[in-house]
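Hydrogens, waters and symmetry mates play no part in the numbers below; they use all other heavy atoms, side chains included. Given the structure is predicted, the values throughout are model-derived calculations rather than measurements.
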Amino acid sequence: MSLPLTVCVVTGSRAEYGLLQWVMHDLRDDPDVTLQVLATGMHLEPRFGMTVDQIETDGFRVDARVPLGLDGDAPIDVARAMGRGVEGVSRALVDLCPDVMLVLGDRFEILAAAQAALVHNVPIAHIAGGDVTEGAFDEAIRHALTKMAHLHLTTNAQSAARVRQMGEDPARVHVVGSPGLDHLLRSKLLQGEALETALGAPLGPRNLLVTFHPVTLEADRGVGELNQLLDALARLPDDLTIWITRPNADPGNHAVNAALDAWAGDRPQVRLHTSLGQVRYLSLMAQVDAVVGNSSSGLYEAPSLGVPTVDVGDRQAGRLAATSVIRAPAEADAVDAAIRRALDTDASGTVNPYGDGRSAGRIVAALKAAPRGPALLRKTFHEVTHD
């Protein structure tokens with residue numbers, strides 16, 4: 001009888017944990033798997049909501065904590081945090097000794113964790129490789145993780161083709177969909193008074209959900225784009241309640257937060273939250289009239305809820321999008337027009353290109369079916385031939 005497969009899930013942000021939660025749930029409950037959880041990044045920072053507490057509230061044991069000291073947001077601050085991440089994850093791996101490390105996406109703390117796994121000969125399974133986001137350095141991180149990974153769990157067929165194009169073994173590339181959609185089938189979303197109580201404020205007659213993250217390839221980290229977005233929001237009717245979630249820890253987040261604070265301060269129709277958590281966030285998303293900003297959630301989850309999205313600027317440029325997604329350049333007039341169009345859009349019949357909400361089971365099955373040890377670590381570059 002073989003030993004259980006030990007899977008170390010690394011999570012560094014609220015958004016990423018929301019995508020991983022049901023995967024972690026199914027790994028924990030599988031008798032043939034031992035789940036380990038390594039928390040790092042924003043999870044361990046009070047100013048980002050200390051969201052490691054939510055992981056434990058959800059019933060998961062956090063086996064290792066790797067603080068990065070995310071006090072500043074200049075490039076040198078992020079680079080130093082990455083260095084601390086490599087060292088801290090390396091120390092954790094000495095004790096954890098997993099069979100495989102499971103990571104998702106494209107953030108700098110995940111790259112640090114993967115670097116540590118690489119030198120420890122811990123195989124890496126990567127979710128969401130092959131996706132495209134042309135407006136952020138996440139694009140380069142995501143593709144780097146693909147080349148470092150040994151098992152690829154992609155969100156759609158186009159992304160799977162890109163991973164194969166990068167020379168990865170087709171037998172190790174699986175289309176599983178976006179695991180964030182599993183929440184929509186498996187989580188009980190809040191409605192009515194329960195949602196308003198959880199939010200600490202009532203919903204308005206009409207509502208927008210806004211999230212804007214730094215645009216890391218722009219010289220000003222996207223502050224100019226944000227100002228154009230805020231200008232557009234200021235033009236909207238007063239009966240619109242605007243729910244805003246703060247940005248992630250990318251370089252430039254301090255300036256984005258300062259701009260949000262200054263803009264929201266004297267507007268009673270604006271609700272500004274550090275972190276809503278996945279259930280409150282998706283519950284609110286299901287009730288709003290449109291999602292606005294540059295977060296991937298507007299492309300991943302919103303279409304399945306039948307909610308239109310206004311995707312602002314270049315941060316998500318190139319990413320596969322449903323018909324309910326309205327792209328707008330980061331210009332106030334264009335964003336204003338796109339929001340008004342979204343408010344008149346019926347997106348209830350939208351087909352989501354990122355799957356059916358059953359990704360967690362596919363991911364667990366792929367992990368269990370993969371070879372272990374040296375057989376998984378050894379990679380061969382597969383040439384893509386064209387007739």
Side-chain angles (χ1 to χ4, degrees), residues 1-12 16 19-40 60-64 66 85-86 88-105 109-130 142-155 159-160 163-164 166-177 179 182 358-382:
M1 183 176 180
S2 61
L3 294 174
L5 175 71
T6 302
V7 180
C8 178
V9 175
V10 178
T11 176
E16 167 202 74
L19 299 176
L20 286 168
Q21 184 176 342
W22 283 107
V23 179
M24 293 165 59
H25 177 278
D26 288 2
L27 287 169
R28 181 193 61 194
D29 291 352
D30 192 308
D32 298 322
V33 176
T34 297
L35 171 66
Q36 298 172 335
V37 178
L38 188 155
T40 186
F60 298 106
R61 184 182 68 212
V62 177
D63 299 276
V66 179
V86 173
V89 174
S90 180
R91 291 180 182 277
L93 289 176
V94 171
D95 295 326
L96 296 175
C97 298
D99 295 308
V100 62
M101 174 185 286
L102 179 63
V103 298
L104 182 146
E109 62 267 33
I110 301 305
L111 178 60
Q115 289 177 272
L118 190 72
V119 297
H120 281 269
N121 280 340
V122 174
I124 299 166
H126 180 215
I127 301 172
R142 190 182 313 107
H143 295 329
L145 287 167
T146 289
K147 294 309 300 179
M148 297 168 75
H150 306 84
L151 188 67
H152 308 281
L153 307 160
T154 65
T155 62
S159 293
V163 171
R164 294 192 296 269
M166 295 173 69
E168 297 302 297
D169 183 350
R172 297 188 180 189
V173 182
H174 304 271
V175 178
V176 299
D182 289 36
R358 295 178 173 85
S359 296
R362 298 186 187 106
I363 291 169
V364 173
L367 288 166
K368 292 173 64 176
R372 297 198 195 183
L376 183 56
L377 277 171
R378 190 172 296 276
K379 292 177 58 171
T380 301
F381 192 97
H382 284 251

Work out which heavy atom in [X] is nearest to a heavy atom in [Y]; give both atom names and the distance.
| X | Y | value |
| --- | --- | --- |
| His126 | Ala149 | CB-CB, 3.7 Å |
| Ala113 | Val10 | CB-CG1, 3.9 Å |
| Leu96 | Cys8 | CD1-SG, 4.0 Å |
| Pro4 | Arg372 | O-NH1, 3.5 Å |
| Met166 | Lys147 | O-NZ, 2.7 Å |
| Leu145 | Gly105 | CD1-O, 3.2 Å |

Verify, without hydrogens or angle tests, whether [X] (side chain) and [Y] (backbone) share a donor-acceptor contact under 3.5 angstrom.
| X | Y | value |
| --- | --- | --- |
| Asp182 | Trp22 | no |
| Thr40 | Gly12 | no |
| Asp63 | Val37 | yes |
| Ser159 | Thr154 | no |
| Thr34 | Thr6 | no |

Is the closest side-chain donor-acceptor distance between His120 and Ser90 under 3.5 Å? yes
If you round to the nearest 0.5 Å, how far is [atom2] of [Y] from [atom1] of [X]?
| X | Y | atom1 | atom2 | result |
| --- | --- | --- | --- | --- |
| Leu367 | Leu376 | CG | CG | 9.5 Å |
| Leu118 | Met101 | CG | CE | 10.5 Å |
| Asp26 | Gln21 | CG | CD | 11.0 Å |
| His150 | Asp169 | NE2 | CG | 12.0 Å |
| His174 | Leu151 | NE2 | CG | 5.0 Å |
| Leu102 | Ile124 | CG | CD1 | 10.5 Å |

Can you tell me if CZ on Arg91 sees more than 12 non-hydrogen neighbours from other groups inside 6.0 Å?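 Atom CZ in Arg91 is not crowded, with 12 or fewer foreign heavy atoms closer than 6.0 Å.
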Report yes if some heavy atom in the side chain of Leu93 is under 4.5 Å from a heavy atom in the side chain of Pro98; otherwise report no. yes
Side chain proximity check, Ile127 to Leu20, heavy atoms < 4.5 angstrom: yes
Derivation of the side-chain contact (heavy atoms from CB on, under 4.5 Å) call for Leu111 and Met148: CA-CA 9 Å; Leu111 178 60; Met148 297 168 75; 3.9 Å; yes
